[in-house]
Q: 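The structure's right below; bear with me while I get my questions together.
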Amino acid sequence: MSARLDQLGYAESRLVRHSAESSDLVPKPDAPEARIVLVAGDRIVLAGDTALLPSGQAASACHADLTLFLGRLDGAPVFACAVSPEAADGYESDPGFRTTDLRSLAAENAVAPHELGLLATAKSILAWHAHHGFCANCGTATRFAAGGFRRECPTCETHHFPRVDPVVIMLIRRGESCLLGRSPRFKEGMYSCLAGFLEPGETIEDAVRRETLEEAGLRIGAVAYHASQPWPFPSSLMIGCAADSLDEAITIDPAELADARWFTRDEVSAMIAGTHGEGLTVPPPMAIAHLLMRAFVEERL
């Protein structure tokens, strides 16, 4: 087995990003060379094996206050446009298009890996606009600005920027075994790494220690960074770590975990291969938990 970073969903992007600090003039989505991503609720509109639609196919669906300029791909301007969830039905009825959600796109390798990273940016920033239409400082309705990478308050002149929520996800080791847990929300038989949001004023290492103690009752010693993954649901950054447990006895928090236990390398290898005797499984290769588990099995973690 080999665990490659390029197997991670949303982690690769060739987009040359626009940003709120850029002084470049924002192009128009109806430019002949432009490409447009249409997001209809939780679904992405596809034409064949791409979500980068030519402007002639998609520009008419764009509205000025719902279209953001992502940047350029191979020199061509790329836009993302939010359309109504009902619009997805119209595209499904056209044989030239189909729609699917962003998780399925990654799991099925339905588009090129570099396109997934671009779609993650589009989905995350459009979701931020949908939930941040008013100024947190004075309550005034804010305005779309900087091609969509900023919102501005016309009353108090506060600038608001898209946010990213950091999450630690950790493979906990003890000797030749690792700790995996089951959330009550998981499908039956699937185990994964523990994870949790960082809190204000907290280091990555301390977040790993706090979350593991809260969820599994284990004290943690050394913590090491391994890899990261954008997770656009709606806009998180998964920070993958390995950590060493100082304890063996597990005490789970039933509000967080349905189960947690120690697994040997051979057991984790069988879970990845789908041959575990109890039918236990792990998250798919597009998830960073899968990457961490493969690295453990191959003794690289």
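Bear in mind that the values here come from a model prediction, so they are computed numbers and not experimental data. In what follows, residues are counted from 1 in the order of the sequence shown.
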Q: Looking at Y10 and L102, would you say the former's side chain and the latter's main chain have a donor-acceptor pair under 3.5 Å?
A: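 Between the backbone of L102 and the side chain of Y10 there is a qualifying donor-acceptor contact (under 3.5 Å).
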Q: Can you name the closest pair of heavy atoms from V111 and A51 and give their distance?
A: CG1-N, 4.3 Å
Q: Could you please spell out the steps behind the side chain to side chain contact (heavy atoms under 4.5 Å, CB included) verdict for L66 and H129?
A: CA-CA 8 Å; L66 294 173; H129 280 289; over 6 Å; no
Q: For D74, which residues count as a salt bridge (charged side-chain N to carboxylate O under 4.0 Å, His left out) partner, sequence neighbours excluded?
A: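 So D74 forms a salt bridge (charged side-chain N to carboxylate O under 4.0 Å, His left out) with R14.
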Q: With distance as the sole test, does S124 use its side chain to make a donor-acceptor pair with the main-chain N or O of T121 at under 3.5 Å?
A: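 Checking the backbone N and O of T121 against the side chain of S124, no donor-acceptor pair under 3.5 Å is found.
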Q: Could you work out, with salt bridge (charged side-chain N to carboxylate O under 4.0 Å, His left out) as the rule, every residue matching D206, not counting sequence neighbours?
A: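 Only R209 meet the salt bridge (charged side-chain N to carboxylate O under 4.0 Å, His left out) criterion with D206.
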Q: Can you check whether T99 reaches I44 side chain to side chain, under 4.5 Å on heavy atoms?
A: no
Q: Measuring from I288:CD1 to S192:OG, what's the distance to the nearest 0.5 Å?
A: 10.5 Å
Q: Between CD of E211 and CD of E202, what distance do you get to the nearest 0.5 Å?
A: 7.5 Å
Q: What are the two closest non-hydrogen atoms of L15 and G71, and how far apart are they?
A: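 Heavy-atom minimum between the residues: CD1-C, 4.0 Å.
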Q: To check you understand the geometry: which heavy-atom pair defines the closest contact between C138 and C156, and what is its length?
A: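 Residues C138 and C156, closest heavy atoms: SG-SG, 3.8 Å.
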Q: State which residue, out of L118, V37, V39, fulfils the side chain to side chain contact (heavy atoms under 4.5 Å, CB included) condition with K123.
A: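 Only match with K123 under side chain to side chain contact (heavy atoms under 4.5 Å, CB included): V39.
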Q: Taking the side chain as every heavy atom from C-beta outward, state whether R72 and V78 have any atom pair closer than 4.5 Å.
A: no
Q: Could you please spell out the steps behind the side chain to side chain contact (heavy atoms under 4.5 Å, CB included) verdict for I272 and R294?
A: CA-CA 8 Å; I272 292 172; R294 277 189 176 271; 3.5 Å; yes
Q: Evaluate the side-chain proximity of R35 to P77: yes if any heavy-atom separation is below 4.5 Å, no if none is.
A: no
Q: I would like to know whether T281 and M271 meet side chain to side chain contact (heavy atoms under 4.5 Å, CB included); could you show each step before the answer?
A: CA-CA 5 Å; T281 61; M271 293 162 73; 5.9 Å; no
Q: Taking all heavy atoms of L246 and all of G221, pick out the closest pair and write down the distance.
A: CG-N, 3.8 Å
Q: Can you check whether L105 reaches L116 side chain to side chain, under 4.5 Å on heavy atoms?
A: yes
Q: Is any side-chain heavy atom of V168 closer than 4.5 Å to a side-chain heavy atom of F197?
A: no
Q: In Å and rounded to the nearest 0.5 Å, what is the CG to CG distance from D94 to D89?
A: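 If we round to the nearest 0.5 Å, D94:CG and D89:CG are 13.0 Å apart.
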Q: With distance as the sole test, does H276 use its side chain to make a donor-acceptor pair with the main-chain N or O of V268 at under 3.5 Å?
A: no
Q: Check whether any side-chain heavy atom of R210 lies under 4.5 Å from a side-chain heavy atom of E199, and answer yes or no.
A: yes
Q: Would a line drawn from the ring center of F149 to the ring center of F161 be shorter than 6.0 Å?
A: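 So the answer is no for these two rings.
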Q: Any donor-acceptor pair under 3.5 Å linking the side chain of R265 with the backbone of F296?
A: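 Yes, the answer is positive, given that a donor and an acceptor are paired below the 3.5 Å cut-off.
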Q: Do the side-chain N and O atoms of T100 and R43 include a donor-acceptor pair separated by under 3.5 angstrom?
A: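 Distance-only check fails for T100 and R43.
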Q: Can you list the steps and then say if W262 with L180 is a side chain to side chain contact (heavy atoms under 4.5 Å, CB included)?
A: CA-CA 7 Å; W262 296 106; L180 300 176; over 6 Å; no
Q: Within a reach of under 6.0 Å around CD of E248, are more than 12 heavy atoms found that belong to other residues, nucleotides or ligands?
A: no
Q: Nearest heavy-atom pair of S228 and L8: which atoms, and what distance?
A: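 Shortest heavy-atom separation between S228 and L8 comes out as O-CD1, 3.8 Å.
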Q: Using a 3.5 Å cut-off and no angle test, enumerate the donor-acceptor pairs between side-chain atoms of residues 140-147 and protein atoms at least two apart in sequence or in another chain.
A:
unit_1 : atom_1 : unit_2 : atom_2 : d
T140   : OG1    : T155   : OG1    : 3.0
T142   : OG1    : G133   : O      : 3.0
T142   : OG1    : R151   : NE     : 2.7

Q: Do the side-chain N and O atoms of E115 and T50 include a donor-acceptor pair separated by under 3.5 angstrom?
A: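 Indeed, the side chains of E115 and T50 share at least one donor-acceptor pair under 3.5 Å.
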Q: CZ/R17 to CG/L70 distance, rounded to the nearest 0.5 angstrom?
A: 8.5 Å
Q: Does anything in residues 229-247 form a salt bridge (charged side-chain N to carboxylate O under 4.0 Å, His left out)? List the pairs, not counting sequence neighbours.
A: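 Counting only pairs at least two positions apart or across chains, the salt bridge (charged side-chain N to carboxylate O under 4.0 Å, His left out) contacts touching residues 229-247 are R173-D244, R219-D247.
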Q: With the side chain counted from C-beta on, respond yes when H114 and S13 share a heavy-atom pair under 4.5 Å apart, and no when they do not.
A: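 No, every pair of side-chain atoms sits at 4.5 Å or beyond.
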Q: What class does the angle between the rings of F97 and Y91 fall in, given that below 30° is parallel, 30 to 60° is tilted and above 60° is perpendicular?
A: perpendicular
Q: Would you compute the distance between atom CD1 of I169 and atom CG of L292 and round it to the nearest 0.5 angstrom?
A: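 Going from the CD1 atom of I169 to the CG atom of L292 covers 6.0 Å.
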Q: Give a yes or no on whether the backbone of D253 and the side-chain of E256 come within a donor-acceptor separation of less than 3.5 Å.
A: no
Q: Just by distance, do the side chain of Q7 and the backbone of M286 share a donor-acceptor pair under 3.5 Å?
A: no
Q: Rounded at 0.5 Å granularity, tell me how far OG1 in T251 sits from CD in E214.
A: 13.5 Å
Q: Please tell me if the side chains of I220 and S245 come closer than 4.5 Å, counting only heavy atoms from C-beta onward.
A: yes
Q: How would you list, by chain and number, every residue that makes a side-chain hydrogen bond (donor to acceptor under 3.5 Å, both in side chains) with S104, sequence neighbours excluded?
A: D101
Q: I need the single residue from D30, I36, L52 that forms a side chain to side chain contact (heavy atoms under 4.5 Å, CB included) with F79. Which is it?
A: I36
Q: Donor-acceptor pairs are to be reported for all side-chain atoms of residues 231-241 against protein atoms at under 3.5 Å, with residues two or more places apart or in another chain.
A:
unit_1 : atom_1 : unit_2 : atom_2 : d
S235   : OG     : R163   : O      : 3.2

Q: For E92 versus R98, what's the shortest heavy-atom pair and its separation?
A: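 Looks like OE2-C, 3.9 Å.
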